[in-house]
Amino acid sequence: MQRVTGTAFRHARNCVYVNGVNGSVLSRRYSVLPPARDEEEKAMLDRMLRVDHAGEYGANRIYAGQMAILGRTQTGPLIQHMWDQEKKHLEKFNTILGEERVRPTLLLPLWNISGFLLGACSALLGKEGAMACTVAVEESISEHYNSQIRALMEVDPERYTELLQIIKEFRDDEMEHHDTGLEHDAESVPGYFFLKTFIQAGCKAAIFISQRV
């Protein structure tokens, strides 16, 4: 039997085979991020992934709260469609956090409760209230994703091709949800601008904290 050297073993460990329609394709060990070059880059990427995961987790809880109130109304299928997309976003970030060994924010239990309550309370205002909440939250998340895209483009766009592709795709989904909210009478809820400002202030605070805790 041929002896496997330490170098060969490490090389094999850093590669995986992905089964495709046309056979097996040799792929890198990492699916989204290259190995960090130093501690500073690792810390930057950890913050990004942690807050993105927290944002998608919170969005899922908001839609869960809205569905608890409006799930059996005519608005239910629309909310469910947006929620299904958010579930895919969260699933992807769950996978990336596991692959990169990044811990999620310690405040997930808080975002769990507060997100559900925000969704439920906005839905108690009717379809318009739920849509106003969607507009506020999705606009905040889209702006946050845009800031990450700019930051990664300034550092090294070719190095972060996969991550940029994911963030851009999710950003586009969030903007679609934002536009859907506007198309379904979000601005007609009483106190729309106050409600939107209040929710977005909470989103900014959640983003700031989740990056650090």
Side-chain angles (χ1 to χ4, degrees), residues 4-20 24-64 83-116 137-138 140-174 203-213:
V4 180
T5 65
T7 301
F9 177 79
R10 285 192 297 272
H11 176 75
R13 185 184 62 186
N14 288 337
C15 296
V16 295
Y17 284 91
V18 180
N19 290 324
S24 296
V25 179
L26 185 64
S27 176
R28 292 173 298 183
R29 176 182 59 83
Y30 55 89
S31 60
V32 174
L33 296 179
R37 290 177 286 199
D38 51 42
E39 290 299 321
E40 182 178 354
E41 182 183 28
K42 177 73 166 89
M44 176 194 73
L45 294 173
D46 283 3
R47 287 193 301 270
M48 283 188 174
L49 295 175
R50 182 176 298 116
V51 72
D52 289 352
H53 174 266
E56 297 297 349
Y57 182 86
N60 269 267
R61 297 307 295 152
I62 290 170
Y63 283 118
W83 189 13
D84 287 342
Q85 288 182 308
E86 297 294 350
K87 288 178 180 178
K88 294 178 182 178
H89 297 179
L90 180 58
E91 181 181 1
K92 184 61 178 180
F93 278 117
N94 278 331
T95 300
I96 297 174
L97 258 61
E99 290 174 347
E100 301 299 326
R101 298 184 179 182
V102 177
R103 69 161 178 82
T105 175
L106 298 176
L107 297 180
L108 281 186
L110 177 59
W111 304 152
N112 176 26
I113 298 172
S114 60
F116 187 89
V137 171
E138 301 293 24
S140 296
I141 296 177
S142 298
E143 290 175 354
H144 171 70
Y145 277 150
N146 279 332
S147 69
Q148 287 190 342
I149 291 169
R150 287 192 295 269
L152 292 172
M153 292 293 289
E154 289 174 0
V155 174
D156 191 342
E158 293 185 1
R159 180 170 172 79
Y160 303 117
T161 300
E162 292 89 347
L163 181 58
L164 280 166
Q165 181 178 354
I166 290 171
I167 293 176
K168 288 177 181 178
E169 178 185 340
F170 291 178
R171 184 272 318 273
D172 291 346
D173 287 344
E174 312 300 359
C203 290
K204 290 179 181 178
I207 290 171
F208 179 84
I209 296 171
S210 294
Q211 286 177 323
R212 294 161 174 78
V213 180

Just to verify, what does Asp84 make a side-chain hydrogen bond (donor to acceptor under 3.5 Å, both in side chains) with, not counting sequence neighbours?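 With sequence neighbours excluded, Asp84 shows a side-chain hydrogen bond (donor to acceptor under 3.5 Å, both in side chains) to Gln80, given in chain and number order.
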By side-chain hydrogen bond (donor to acceptor under 3.5 Å, both in side chains) - contacts of Asp172 (at least two apart):
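None.
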Are [X] and [Y] side-chain neighbours, meaning at least one heavy-atom pair lies under 4.5 Å?
| X | Y | answer |
| --- | --- | --- |
| Glu56 | Lys92 | no |
| Leu108 | His53 | yes |
| Leu49 | Glu100 | yes |
| Val51 | Gln148 | yes |
| Lys88 | Asp173 | no |
| Ile96 | Glu162 | no |
| Asn94 | Tyr57 | no |

Minimum heavy-atom separation for [X] and [Y], please, with both atom names.
| X | Y | answer |
| --- | --- | --- |
| Glu41 | Pro35 | OE1-O, 4.3 Å |
| Thr105 | Arg50 | N-CG, 3.5 Å |
| Ile141 | Gly55 | CD1-O, 4.2 Å |
| Arg171 | Asn146 | NH1-OD1, 2.6 Å |
| Trp83 | Ala64 | CZ2-CB, 3.7 Å |

Note to self: Counting only heavy atoms from other residues, nucleotides and ligands, does the tally under 6.0 Å from CZ of Arg101 exceed 12?
What the structure shows: no
- Applying side chain to side chain contact (heavy atoms under 4.5 Å, CB included), run through Asp156 and Arg37 and close with a yes or a no. CA-CA 12 Å; Asp156 191 342; Arg37 290 177 286 199; 4.2 Å; yes
Discussion item. Could you check whether any side-chain N or O of Asp46 sits under 3.5 Å from a backbone N or O of Val102, counting only pairs where one atom can act as donor and the other as acceptor?
Written reply: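 Flag not set: sc Asp46 to bb Val102 has no pair under 3.5 Å.
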Residues 205-213 side chain polar contacts: donor-acceptor under 3.5 Å, at least two apart:
| from | atom 1 | to | atom 2 | distance (Å) |
| --- | --- | --- | --- | --- |
| Ser210 | OG | Trp111 | NE1 | 2.9 |
| Ser210 | OG | Ala206 | O | 2.8 |
| Arg212 | NH1 | Phe208 | O | 2.9 |

In this structure, CD of Glu40 is separated from CG of Leu45 (nearest 0.5 Å) by 10.5 Å
dist Met48:CE -> Ser147:OG (nearest 0.5 Å) comes out at 7.5 Å
| Glu91: what forms a salt bridge (Lys or Arg N to Asp or Glu O under 4.0 Å) with it, not counting sequence neighbours? |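 Salt bridge (Lys or Arg N to Asp or Glu O under 4.0 Å) check on Glu91 returns nothing, list empty.
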* Residues in ring-ring contact (aromatic ring centres under 6.0 Å, His included) with His144, at least two apart? ->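 Once residues adjacent in sequence are excluded, His144 has no partner under the ring-ring contact (aromatic ring centres under 6.0 Å, His included) criterion.
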Can you give me every donor-acceptor pair (side chain of residues 163-170, partner residue at least two apart or in another chain, under 3.5 Å) with its distance?
none

